[in-house]
S.K.: 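This is the structure I want to talk about, given as structure tokens.
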Amino acid sequence: MNKYVSSIASFIKQLKISDLFKSLRVRFFIVLAVTGLLSCLCVHWIILDSYKDRAVSVKSTEVQTQLKILANHLIVYNYLQSPSSDVINAELDMLANLYDGRVMVINDDLKVVKDTYNISQGKTIIAEEVVRCLKTGTKGSVSRFDESNGYIELVTPIVGTLMIEEQDVSDRGDPNEVVRGVLLTSVSTDTITTTMEILDRRATTIEIIIILIIFVLAALVSYGLLRPFDRITAAINDIKEGYTDKPIVGPNYIETEQIIKAFNALLRRMKVLDDSRQEFVSNVSHELKTPITSMKILADSLLAQEDVPYEVYREFMADIGSEIDREDKIINDLLSLVRMDKTSAELNITSVDVVALTESVLKRMRPIARKHNIELVLDSKRAITAEIDEVKISLVIMNLVENAIKYNEDNGFVRVELDADHQFFYVIVVDSGMGIPEESLDHIYERFYRVDKSRSREIGGTGLGLSIVRNAILMHRGSIDVKSTVGEGTTFTVKIPLSNAGKK
């Protein structure tokens, strides 16, 4: 117990006052405590209120029974006509003293025959309850609880037998009975009030004890149930500080399991990105270093020789120029990737004639195709106008066509097909080249990945072209698909929305 209390106290000290009510643990404690408090108060009120209603009902029934007996005695002793009977007076006084109340005997002329308080005796009293009782006969017995003044008021009819010669009383119930008078009685409820005060004090004492127990239990339960979240937070902080990179393991709560699974998935994703970043840096370093190393070797070779012939000098300088061109292409491709990787990068969307754009790209690529005796063909099914970033889509088409030409066979072909439906336009690049092995198809979009490294270096490939293509297509909310057969050729299919490209 002391351990939990000290832990809770240290937790509260760590919180700022402004952040106290933001804590899930504090809110959980408040909910439990308030729920227990309201439950106790409701039970308290229901029990006392039920007791009060029951006590008033029992007392009213008890006194009403006594009053009916007394009303019969009044008829027997003819007390309404001759209120001098000591027996009846004694019974009236005894009843008034027994219930700490007041009894008035009223005849059918509304005159007070007897008042145990000796205040209204001989006077005429006009009260709604009395008049109603005289009119309704035996059905006129009523009781009313006046809580503010602390008494129960009872109206009891004094019923006698009706003589045959008397007037019609068909509206009074039994034709053989008639109301001769009324007993108006006030009974004190001090005993009920005293008992309720005692019950209230005892119930309050018990409630205070229960509430204290509820507060302690609420604190312990809120701390215990939310403790797994503290362990998860501590584990995340350890990962953040670099103390560990292992996945988080926690208790089998549904809520914590969901958090742990989501965080572990994020952690795995971060590891993949980190590994990819390290591999990317390593590849960049290697790719940038290779041309520089070649240029240094060529330069050192020239410097080491004396009286270098002009032809050798020119050949070495041409090689150095080629290496510089290769370095420049790698840097430009890297810059293109960096610009596309930025989350803040925006597309410059304009309405573009896709057929005209493709023709312009192919016009620039035809000299390269002719150099390798490659037939470059454009097959457009229809006119296509789309809302795209013209520069990025031209980069997509250019890279796909350039790869199709470079990795093709002499006297082969490259066919570019354009088509569209009501929602997308399609760019299909088909070549008769060497093809891509099936095991490499899942890796061709990775940066610096080369299917045939020796052929790529020979033709000056950087391994970044398809990464640039894929990023540009994803920025347009499009997709790219590839099918290839080794020795037969490759087909790239690009699908891009006609409108709202790049909008989420």
Side-chain angles (χ1 to χ4, degrees), residues 287 318-319 322-323 325-326 328-330 332-333 336 354-382 384 392-420 425-473 478-496:
E287 294 294 333
D319 291 340
S322 297
E323 294 298 327
D325 290 339
R326 180 182 172 193
D328 180 65
K329 181 171 178 56
I330 293 173
N332 288 333
D333 285 350
S336 297
V354 178
V355 176
L357 173 64
T358 306
E359 288 176 345
S360 174
V361 172
L362 295 186
K363 184 178 181 180
R364 295 198 301 270
M365 302 304 299
R366 290 189 191 281
I368 302 176
R370 280 195 295 267
K371 182 179 179 181
H372 297 280
N373 294 322
I374 303 296
E375 181 184 8
L376 188 55
V377 179
L378 173 62
D379 180 11
S380 178
K381 306 295 183 182
R382 56 181 54 82
I384 303 171
K392 290 182 174 59
I393 295 302
S394 66
L395 198 62
V396 169
I397 299 173
M398 184 178 67
N399 273 284
L400 291 177
V401 173
E402 185 178 14
N403 282 349
I405 294 172
K406 289 181 177 180
Y407 296 96
N408 212 318
E409 304 290 345
D410 287 343
N411 302 315
F413 70 88
V414 175
R415 186 173 66 254
V416 180
E417 301 175 3
L418 296 178
D419 200 357
F425 75 88
Y426 303 87
V427 180
I428 303 171
V429 180
V430 184
D431 67 60
S432 59
M434 62 185 67
I436 302 171
E438 185 176 355
E439 62 272 12
S440 298
L441 289 176
D442 292 335
H443 304 283
I444 59 176
Y445 302 111
E446 296 175 5
R447 295 163 183 176
F448 296 109
Y449 182 83
R450 297 183 180 90
V451 177
D452 186 345
K453 295 185 178 181
S454 59
R455 176 74 181 269
S456 296
R457 291 186 181 278
E458 180 182 335
I459 63 177
T462 64
L464 296 173
L466 289 179
S467 295
I468 295 172
V469 168
R470 184 173 181 271
N471 282 10
I473 292 172
S479 64
I480 182 170
D481 182 53
V482 59
K483 294 180 181 178
S484 184
T485 303
V486 176
E488 296 183 9
T490 303
T491 300
F492 282 93
T493 302
V494 176
K495 182 176 75 171
I496 297 176

S.K.: Over all heavy atoms of both residues, which pair between I405 and M365 is shortest? Give the atoms and the distance, please.
M.R.: CD1-O, 3.9 Å

S.K.: Any non-hydrogen side-chain atom of V430 less than 4.5 Å from a side-chain atom of V414?
M.R.: no

S.K.: So do the side chains of I428 and D419 get within less than 4.5 Å of each other, counting heavy atoms only?
M.R.: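 When only atoms from C-beta onward are counted, D419 and I428 do not touch, as no gap falls below 4.5 Å.
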
S.K.: With rounding to the nearest 0.5 angstrom, report the CD to CD1 distance, E409 to I374.
M.R.: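 So the CD of E409 and the CD1 of I374 are separated by 8.0 Å.
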
S.K.: Could you measure the distance from the CD1 atom of I496 to the CD1 atom of I393? Nearest 0.5 Å is fine.
M.R.: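 Reported to 0.5 Å precision, the distance equals 3.5 Å.
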
S.K.: Taking all heavy atoms of L378 and all of E359, pick out the closest pair and write down the distance.
M.R.: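 Looking at all heavy atoms of both residues, the shortest contact is CD2-CG, 3.3 Å.
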
S.K.: Does any non-hydrogen side-chain atom of N403 lie less than 4.5 Å from one of L466?
M.R.: yes

S.K.: Got a second to check how far R470's CZ is from I480's CD1, nearest 0.5 Å?
M.R.: 9.0 Å

S.K.: Could you tell me whether the side chain of S484 and the main chain of G435 form a donor-acceptor pair under 3.5 Å?
M.R.: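 Absent.
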
S.K.: Could you state the interatomic distance from CD1 (I384) to CG (L418), rounded to the nearest 0.5 Å?
M.R.: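 CG of L418 is found 5.0 Å from CD1 of I384.
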
S.K.: Could you give all pairs that pass the salt bridge (charged side-chain N to carboxylate O under 4.0 Å, His left out) test and reach residues 367-379, with sequence neighbours left out?
M.R.: D379-K381

S.K.: Give a yes or no on whether the backbone of A356 and the side-chain of S360 come within a donor-acceptor separation of less than 3.5 Å.
M.R.: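 Flag not set: sc S360 to bb A356 has no pair under 3.5 Å.
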
S.K.: How long is the straight-line distance from CG of L441 back to CD1 of I436, given to the nearest 0.5 Å?
M.R.: 6.0 Å

S.K.: Check side-chain contact (heavy atoms from CB on, under 4.5 Å) between V486 and all other residues, then give those that pass, not counting sequence neighbours.
M.R.: P437

S.K.: Where the side chain of R382 meets the backbone of A420, is there a donor-acceptor pair that is under 3.5 Å apart?
M.R.: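 Confirmed, R382 side chain pairs with A420 backbone.
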
S.K.: Please report the interatomic distance OG1(T491) to CG(L400), rounded to the nearest 0.5 Å.
M.R.: 11.5 Å

S.K.: Do the side chains of V469 and F492 get nearer than 4.5 Å, heavy atoms only?
M.R.: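 Sidechains of V469 and F492: no contact.
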
S.K.: Grab the two heavy atoms, one from V355 and one from S380, that are nearest each other, plus how far apart they are.
M.R.: CG2-OG, 3.3 Å

S.K.: Please check if the side chain of D431 supplies one atom and the backbone of T490 the other of a donor-acceptor pair under 3.5 Å.
M.R.: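 Yes: the side chain of D431 pairs with the backbone of T490.
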
S.K.: Would V427 and V396 satisfy side chain to side chain contact (heavy atoms under 4.5 Å, CB included), going step by step from the backbone distance to the final call?
M.R.: CA-CA 10 Å; V427 180; V396 169; over 6 Å; no

S.K.: Could you please spell out the steps behind the side chain to side chain contact (heavy atoms under 4.5 Å, CB included) verdict for N408 and H372?
M.R.: CA-CA 9 Å; N408 212 318; H372 297 280; over 6 Å; no

